[in-house]
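Here the structure is laid out as structure tokens; the discussion comes afterwards.
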Amino acid sequence: MSTGISDDGATIFALATPPGVGGIAVLRVSGPGADEALSRLTQRALPAPRQATLRRLRDAEGALLDEALVLRFAADASFTGEPVVEFHCHGGRAVVARLLDVLGGMAGLRPAEAGEFTRRAVLNGRLDLAEVEALGDLISAETERQRQLAAAGFGGALHRRAEAWRDRLLDILARVEITIDWADEEVPSDLDAELAQELDALAGEFDRELSASHGLERLREGFTVAILGAPNCGKSSFINYLAGREAAIASPHPGTTRDVIELRYDLRGLPVTFLDMAGLRETQDPVERIGVDRAVARGSAADLRLHFSAPDVADIALPGTLWREGDIGVRTKADLGAGSGDHAISVVTGEGIRPLLDAIHDRLSGRIPCDGVTSHARQRAALAAAREALCRARKQLSSGEPELIAEDLRGTLTELGRMVGRVGVEDMLDRVFSRFCVGK
């Protein structure tokens, strides 16, 4: 059972808001010495838990540091599962620096490491690993669709689904173990058929979740859209139009773009990175050749390709790896007379840009499943292992060895626990928290 205190017994502190000048800065303290730190800074009795109170903060010599709102949280009602204090002070750099210095000078307090507050929440049973991963996604979400996915995960969507699967598996396991413990008793003759049907149903649900996971992972990480075509067909001009600035050098001289230029773009809630790359052509210039090779490689790996052509530029034959079902053909420079094509656009007049973006959105949205809660490779690997154990149990039904069936069902339960962080969490903590900020 958790004691509410992390293993090293230290009280940690950190700035929980972004560094820099602001109206308010929040300093967070967590651990057994949190209340003592509050008492020493305010030199007054502790306020009631979860009640914002205005206090003057002073150093050990009594010098005024700042006037701040303070909040206390008891261990059983805090984010970390430990006593927590928050100081909502003025956001000047000097104020924050001085408060951090004073906290650092108190015995038993030390600066928090990256993600250490959330790590303590996991160790104290306040969050499971899947919820922590979703919290990290929520913090880093750049678009509305990413926020929705992360919020569902942080709200326990994966935990609830795993628990529902676990309850069904425990019921199946109980019926299997009856045949072990009461081998001499009469067992219903249709038990194997019932178990087979239920295991098949679970395997089907695992398969659907695994399939949905890939699309959700693309949403979480963001889609890439490669812009391909011959030199001077308008690729860089299109990037600049989307950016609203000169993100890429647009020039009438072939070979101007040699490296891959990336533009992060919020496409109606979808995170999209547009890739502007070297124009595809045969060239003797070794540097341009490198750019062309990179364009082919990045284009082949992209989620979607836009094939640009222009009325004043000769069409080119693209490598077969760059043509995929669902790609979009775009005729640029419509103001010069673009001719026929899937989409005709002009960055001079804006013609056709909106319909093209709508088409890109529709193509990518179609890859995001409507139902699914698994969006991390770690979660997917655990679910795949659970499915493998489940399928072994299903095959064992015909062997008449209930001990082997039960063992594989326990293996399935273990992997489901691993998926949400019930078991085997220790070796994952450093990797997960390495991308968290210090104050979280």
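Model, not experiment: these values are computed from the prediction.
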**Asked** Are side-chain heavy atoms of R378 and L129 found at a separation under 4.5 Å?
**Response** yes

**Asked** Quick one: does R160's side chain have a donor or acceptor within less than 3.5 Å of a partner on G155's backbone?
**Response** yes

**Request:** Please assess N240 against V347 for the test side-chain contact (heavy atoms from CB on, under 4.5 Å), listing each intermediate value before the final yes or no.
**Result:** CA-CA 9 Å; N240 291 340; V347 298; over 6 Å; no

**Prompt:** Rounded to the nearest 0.5 Å, what separation is found between the CG atom of D59 and the CG atom of L64?
**Reply:** 9.0 Å

**Exam field: side chain T80 to backbone S78, donor-acceptor pair closer than 3.5 Å** = no

**Message:** Between F308 and I227, does the side-chain contact (heavy atoms from CB on, under 4.5 Å) criterion hold? Intermediate values first, please.
**Reply:** CA-CA 7 Å; F308 275 31; I227 306 172; 3.9 Å; yes

**Request:** Identify the heavy atoms of R367 and P369 that sit nearest to each other, and give their distance.
**Result:** O-CD, 3.6 Å

**Request:** Side-chain contact test, heavy atoms from C-beta onward, threshold under 4.5 Å: evaluate it for I328 versus V225 and give yes or no.
**Result:** no

**Request:** For D266 and T143, test the side chains for any donor-to-acceptor distance below 3.5 angstrom and give the result as yes or no.
**Result:** no

**Message:** A side-chain contact here means heavy atoms from C-beta on lying under 4.5 Å apart; do I405 and L195 qualify?
**Reply:** no

**Prompt:** Thinking salt bridges, do E177 and R410 make one under a 4.0 Å N-O criterion?
**Reply:** yes

**Item:** Nearest non-hydrogen partners of M419 and A162, listed with the distance
**Value:** CE-CB, 3.9 Å

**Request:** Taking R324 for its side chain and R305 for its backbone only, find out whether a donor-acceptor pair lies under 3.5 Å.
**Result:** no

**Message:** Rounded to the nearest 0.5 Å, what separates atom CG in L242 from atom OG in S237?
**Reply:** 11.0 Å

**Asked** Does the side chain of D276 reach to within under 4.5 Å of the side chain of L263, using non-hydrogen atoms?
**Response** no

**Message:** Test side-chain contact (heavy atoms from CB on, under 4.5 Å) on V95 and L65; report intermediate values, then the result.
**Reply:** CA-CA 7 Å; V95 173; L65 302 175; over 6 Å; no

**Request:** Decide yes or no for L270 and Y265: does some side-chain heavy atom of the first lie under 4.5 Å from some side-chain heavy atom of the second?
**Result:** no

**Message:** Please find the pair of heavy atoms, one from D137 and one from S375, that lie closest to each other, and give the distance.
**Reply:** OD2-OG, 4.4 Å

**Item:** Lys/Arg N to Asp/Glu carboxylate O, R168 vs E205, below 4.0 Å
**Value:** yes

**Prompt:** Are any of the side-chain heavy atoms of L202 and I172 separated by less than 4.5 Å?
**Reply:** yes

**Message:** Just so I know, are the side chains of I139 and F154 near enough to count as touching, which here means a heavy-atom distance under 4.5 Å?
**Reply:** no

**Asked** Passes salt bridge (charged side-chain N to carboxylate O under 4.0 Å, His left out), R98 versus D66? Steps please.
**Response** CA-CA 10 Å; R98 182 60 181 144; D66 192 21; over 6 Å; no

**Prompt:** Can you name the closest pair of heavy atoms from C89 and A68 and give their distance?
**Reply:** CA-CB, 3.7 Å

**Prompt:** How many angstroms lie between atom CG of D207 and atom SG of C391, to the nearest 0.5 angstrom?
**Reply:** 7.0 Å

**Prompt:** Taking only residues two or more places apart in sequence or in another chain, which ones pass side chain to side chain contact (heavy atoms under 4.5 Å, CB included) with E142?
**Reply:** Q146, R264

**Message:** Could you tell me if the side chain of F274 sits less than 4.5 Å from the side chain of I239, heavy atoms only?
**Reply:** yes

**Asked** Are side-chain N/O atoms of T374 and E209 paired as donor and acceptor at under 3.5 Å?
**Response** yes

**Message:** Salt bridge check, R268 against D358: does any charged N sit closer than 4.0 Å to a carboxylate O?
**Reply:** yes

**Spacing of H214 atom NE2 and R380 atom CZ [to the nearest 0.5 Å]** = 4.5 Å

**Item:** From CA spacing to verdict: salt bridge (charged side-chain N to carboxylate O under 4.0 Å, His left out), E113, R119
**Value:** CA-CA 10 Å; E113 299 175 357; R119 180 192 289 263; 5.8 Å; no

**Request:** Applying salt bridge (charged side-chain N to carboxylate O under 4.0 Å, His left out), name anything that partners E351, two or more places apart in sequence or on another chain.
**Result:** none

**Prompt:** Okay, side chain of T224, backbone of D303: is any donor-acceptor separation there less than 3.5 Å?
**Reply:** yes

**Message:** I'd like to know if R147 and E144 make a salt bridge, using a cut-off of under 4.0 Å between side-chain N and carboxylate O.
**Reply:** yes

**I368 CD1 to L149 CG distance, which is reported to the nearest 0.5 Å** = 9.0 Å

**Prompt:** Nearest heavy-atom pair of V373 and R161: which atoms, and what distance?
**Reply:** CG2-CD, 3.8 Å

**Request:** Take E198 and R175 through the test salt bridge (charged side-chain N to carboxylate O under 4.0 Å, His left out) and record every step on the way to the result.
**Result:** CA-CA 12 Å; E198 293 177 31; R175 282 182 281 162; 2.5 Å; yes

**Message:** Please check this pair: side chain of Q197 against backbone of E194, looking for a donor-acceptor N/O pair closer than 3.5 Å.
**Reply:** no

**Message:** Using a 3.5 Å distance criterion without hydrogens, assess whether the side chain of R392 forms a donor-acceptor pair with backbone atoms of D408.
**Reply:** no

**Fill in**
Output for pair (F13 CZ, F117 CZ), nearest 0.5 Å, gives 9.0 Å

**Asked** Is the side chain of R72 donor-acceptor paired with the backbone N or O of P47 at a distance under 3.5 Å, no angle test?
**Response** yes

**Complete:** Between L409 and A393, the two heavy atoms sitting closest are CD2-CB, 3.9 Å

**Asked** Does the pair L306 and I360 meet the rule for a side-chain contact (heavy atoms from CB on, under 4.5 Å), with working shown?
**Response** CA-CA 9 Å; L306 307 181; I360 296 170; 3.8 Å; yes

**Message:** Looking at R220 and A134, would you say the former's side chain and the latter's main chain have a donor-acceptor pair under 3.5 Å?
**Reply:** no

